[in-house]
Amino acid sequence: MFESTSLIVYTLFCIVASVCFVSRTIEFVANGLTVENLLRTVIIKEYDNFVLHHIQRTSFSIIVYSSLPLVYLLGTLFVNNSEKSFVYVYFDVLCLLFLVPIGISVSVVYNWKSNDWANHPLRIVLNHYDPADWTIPAHNITTEFRSIEKLTLTCGTLKKTVVTQNWIISIDQFNVSVAKKSESLFTVYSSDIFDNVPDGTPGAVQFINIEVTALRSRIKPFSVRIRSEDFQTLEEHIGHPIQISDNVKLQRSRTERFLEVFREQVSQNPVYRGYTAAELEDNTCAGCLVNIPNVKLTKCCDDDPVNEMLPCSSCQCRPMWCVDCMAKWYESRQPQNDTTIWLSSKCTCPLCRQVFCILDVCPLENFDFRNTV
Ligand SMILES: [Zn+2]
Ligand SMILES: [Zn+2]
Ligand SMILES: [Zn+2]
């Protein structure tokens, strides 16, 4: 089938490049090798017209992807110098064969586009929200999408969820689903855990799938996929509770798990008594501005100031932080890709920059935060 080495190399290159292009690998997306970027002069910007952008993007995507075999075939004319090779002998037949998917995708898009995109799935959904004029909800979505208050959650490079003031939108390569938040039900129906996520997030990551069921008839339910650590943020933006099926158990975020370990350790450290109740009166934690300060950094560990690279020292700041904010500060100063050394590592006071370790975070008297989870 392949009599020419250059043809084999070219074929392998085309296969790898096509797979990366269609599956939108991080490297391809970062270098702008996506349909919407390559055709940015023809596809309107998402910011200028959200709905039209996605109608055009999905339409061009299916045409571009279905053209890849033909592009490969035309490329063989430049690399193939053997008249005996398969692609040369059957060039005309293959050409006709590879025109078929293009013909199908062009006819699908032609059907969508007729009568101002009347048959595009996204326009059909918007029509249910305003049968008289679909551009009203479309315009409303664009306006809300421009607001800085919208929430955008990405799940890899293939799936994106946008929550605006009134709408929830799930976007992937070929589909865009929309529902009005106030007229929908949300249910977490499944979850899966990945040990290695391509974007380099350390540790296992749990993804959850949420079904969005619009209460209006004839709008198909669709699903939204997010990281479980984004669940609370999503729920806040949706504005009402999301049901969780009995078979799904949400994994706590890494921060939540670290907070628990940190609290547990602090509760075992020596209690700090060198403050007066008046000192804490009317004081709130400098981090969250809600809780009353309940920890003080005082050197209690027995690290050796001579041999230590970064010896601990007592900070002279008055108690200003709650244990959770101190834990979050501590976590933010640790290497994010290696959690195993966190507990044995060091940090600096947020204010005076004196070095401390987790053994130096002393609970104030009368505070018991083992139960404040
Ligand atoms: Zn706090
Ligand atoms: Zn300090
Ligand atoms: Zn220490």
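When a ligand or atom number is given, it counts from 1 through the structure's own listing order.
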(request) Please find out if less than 6.0 Å separates the ring center of Tyr47 from that of His53. (result)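 No.
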(request) Verify the ring-centre separation between Phe78 and Tyr10: is it less than 6.0 angstrom? (result)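 Judged by ring-centre distance (under 6.0 Å), Tyr10 and Phe78 do not meet the cut-off.
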(message) Given the Zn ion (ligand 3) as the apex, I'd like the angle to SG of Cys357 and SG of Cys301, rounded to 10 degrees.
(response)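 It is 110°, given to the nearest 10°.
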(request) Taking the Zn ion (ligand 3) as the reference point, name the nearest N/O/S atom of Asp360. (result)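 Asp360's closest N, O or S atom to the Zn ion (ligand 3) is named OD2.
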(request) Kindly indicate whether the side chain of Thr76, heavy atoms from C-beta on, has any atom under 4.5 Å from the side chain of Leu74. (result)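 Heavy-atom side-chain distance check fails, nothing below 4.5 Å.
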(request) Report the angle formed at the Zn ion (ligand 2) by atom SG of Cys349 and atom SG of Cys315, rounding to the nearest 10°. (result)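 The two atoms subtend 110° at the Zn ion (ligand 2).
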(message) I'd like to know if Lys45 and Glu36 make a salt bridge, using a cut-off of under 4.0 Å between side-chain N and carboxylate O.
(response)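 Glu36 and Lys45: not salt-bridged.
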(message) Taking Glu183 first and then Arg216, would you say they form a salt bridge - that is, a charged N and a carboxylate O separated by under 4.0 Å?
(response)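 Salt bridge: yes.
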(message) Below 2.8 Å, can you find an N, O or S atom of Cys300 next to the Zn ion (ligand 3)?
(response)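 Looking at Cys300, which is the residue asked about, there is no N, O or S atom under 2.8 Å from the Zn ion (ligand 3).
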(request) Give, rounded to 10 degrees, the angle between SG (Cys285) and SG (Cys325) as seen from the Zn ion (ligand 1). (result)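 SG of Cys285 and SG of Cys325 make an angle of 100° at the Zn ion (ligand 1), to the nearest 10°.
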